[in-house]
Amino acid sequence: MLGERLRRLRVNSFMSVKELAARVGVSPNFIYQVEKGKVSPSYSTLEAMAQALNVNLGALLDSELPEEWHVVRQSGRKRLVTEQPGLEIELINFLGPRNKRMQPVIFSVDPHAQISGFIYEHEREDLIYVLEGTLELRTKKHTYLLSAGDFAYFIFYSPETIFNPGDA
């Protein structure tokens with residue numbers, strides 16, 4: 001259990017075995033052995049691992065991760081102020097390690113509102129799911145019309161314009 005959790009936290013932190021070992025002050029072979037469940041680290045080494053992974057010790061030892069790592073309640077969403085008229089953004093922050101692979105965001109686009117330019121800058125993938133209404137996504141080369149229940153996925157480029165052509 002410890003080895004599996006250590007490996008997941010390391011991988012989710014985009015950290016190699018070699019890098020974790022250097023931060024903890026042990027050999028890469030020792031980290032491999034812990035991840036495979038063949039050796040048990042000392043308490044001080046566990047503390048160093050947790051610190052290197054930017055988590056508390058409980059994240060390595062507890063049988064269950066805290067709910068805040070898996071669930072963000074509606075009351076826990078953070079509203080962002082935008083300068084784009086007709087756009088409301090809610091940021092969804094899961095607690096736990098900060099090196100997440102995904103940053104969920106809820107966009108609400110008013111009827112007939114058009115958002116152009118960079119909405120937010122990032123170097124990650126975009127997954128767009130339309131909850132209700134319609135949404136027109138324009139990139140440099142294509143225009144996509146999405147309806148409720150549709151998904152769009154972008155990796156190398158992002159929509160340059162988002163337009164809500166509907167009344168909802």
Side-chain angles (χ1 to χ4, degrees), residues 1-2 4-16 19-20 23 46-47 49-168:
M1 183 74 120
L2 167 65
E4 183 181 324
R5 183 162 295 162
L6 175 64
R7 184 183 168 290
R8 270 196 231 148
L9 287 167
R10 178 182 59 76
V11 169
N12 287 341
S13 296
F14 302 102
M15 196 178 301
S16 69
E19 184 179 354
L20 178 60
R23 290 184 183 191
L46 280 171
E47 283 184 318
M49 288 175 173
Q51 185 176 6
L53 293 165
N54 195 30
V55 298
N56 64 36
L57 192 55
L60 288 172
L61 300 176
D62 288 346
S63 60
E64 284 294 320
L65 293 173
E67 178 181 281
E68 311 74 69
W69 284 34
H70 303 289
V71 176
V72 173
R73 304 280 177 201
Q74 187 169 2
S75 61
R77 295 179 187 166
K78 307 250 186 282
R79 289 184 184 262
L80 300 179
V81 176
T82 70
E83 295 179 5
Q84 297 267 0
L87 176 67
E88 180 181 300
I89 298 177
E90 291 182 67
L91 190 62
I92 296 148
N93 281 328
F94 289 91
L95 298 181
R98 294 291 177 221
N99 294 328
K100 304 259 190 247
R101 292 184 183 195
M102 179 184 354
Q103 174 60 65
V105 178
I106 297 174
F107 289 87
S108 297
V109 183
D110 288 347
H112 308 287
Q114 178 170 300
I115 302 3
S116 296
F118 291 111
I119 296 166
Y120 62 101
E121 295 204 23
H122 62 291
E123 293 182 10
R124 299 198 176 169
E125 302 161 39
D126 291 312
L127 176 68
I128 298 169
Y129 174 67
V130 180
L131 291 171
E132 62 184 357
T134 56
L135 200 61
E136 186 176 287
L137 306 175
R138 299 178 194 146
T139 66
K140 288 180 180 177
K141 296 183 177 185
H142 301 288
T143 298
Y144 305 93
L145 183 62
L146 305 179
S147 299
D150 291 344
F151 283 91
Y153 175 75
F154 300 95
I155 189 169
F156 297 114
Y157 54 93
S158 294
E160 295 182 344
T161 302
I162 296 177
F163 173 62
N164 179 353
D167 295 324

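- When all heavy atoms are compared, the tightest approach of Phe151 to Leu146 is O-CD2, 4.3 Å.
- Crowding of Arg7 atom CZ: a count of heavy atoms from other residues, nucleotides or ligands under 6.0 Å not exceeding 12.
- When all heavy atoms are compared, the tightest approach of Glu19 to Phe14 is OE1-O, 4.3 Å.
- For the atom pair CZ (Phe107) and OG1 (Thr82), the distance works out to 9.5 Å, reported to the nearest 0.5 Å.
- Side-chain contact between Leu145 and Pro165: present, with at least one pair of heavy atoms (C-beta onward) separated by less than 4.5 Å.
- Annotation: Glu88, atom CD; neighbour count of heavy atoms from other residues, nucleotides and ligands within 6.0 Å is above 12.
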With side chain to side chain contact (heavy atoms under 4.5 Å, CB included) as the test, would you mind laying out the steps for Leu6 and Leu53 before giving the verdict? CA-CA 9 Å; Leu6 175 64; Leu53 293 165; 3.6 Å; yes

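- Between the CD1 atom in Ile115 and the CZ atom in Phe163 there is a gap of 10.0 Å [rounded to 0.5 Å].
- We find the OG1-CG distance between Thr134 and Asp167 to be 8.5 Å, quoted to the nearest 0.5 Å.
- At least one side-chain heavy atom of Leu46 sits less than 4.5 Å from a side-chain heavy atom of Leu2.
- With sequence neighbours left out, the side chain to side chain contact (heavy atoms under 4.5 Å, CB included) criterion links Asp110 to Ala113.
- Residues Leu20 and Arg10 share a closest heavy-atom pair of CD2-CD, 3.8 Å.
- Across Leu137 and Ile162, no two heavy atoms sit closer than the pair CD2-CG1, 3.8 Å.
- When atom types are taken as modelled, the side chain of Gln84 and the backbone of Ser116 share a donor-acceptor pair closer than 3.5 angstrom.
- In this structure, CD1 in Ile106 is found 5.0 Å from CD in Glu90, a value given to the nearest 0.5 Å.
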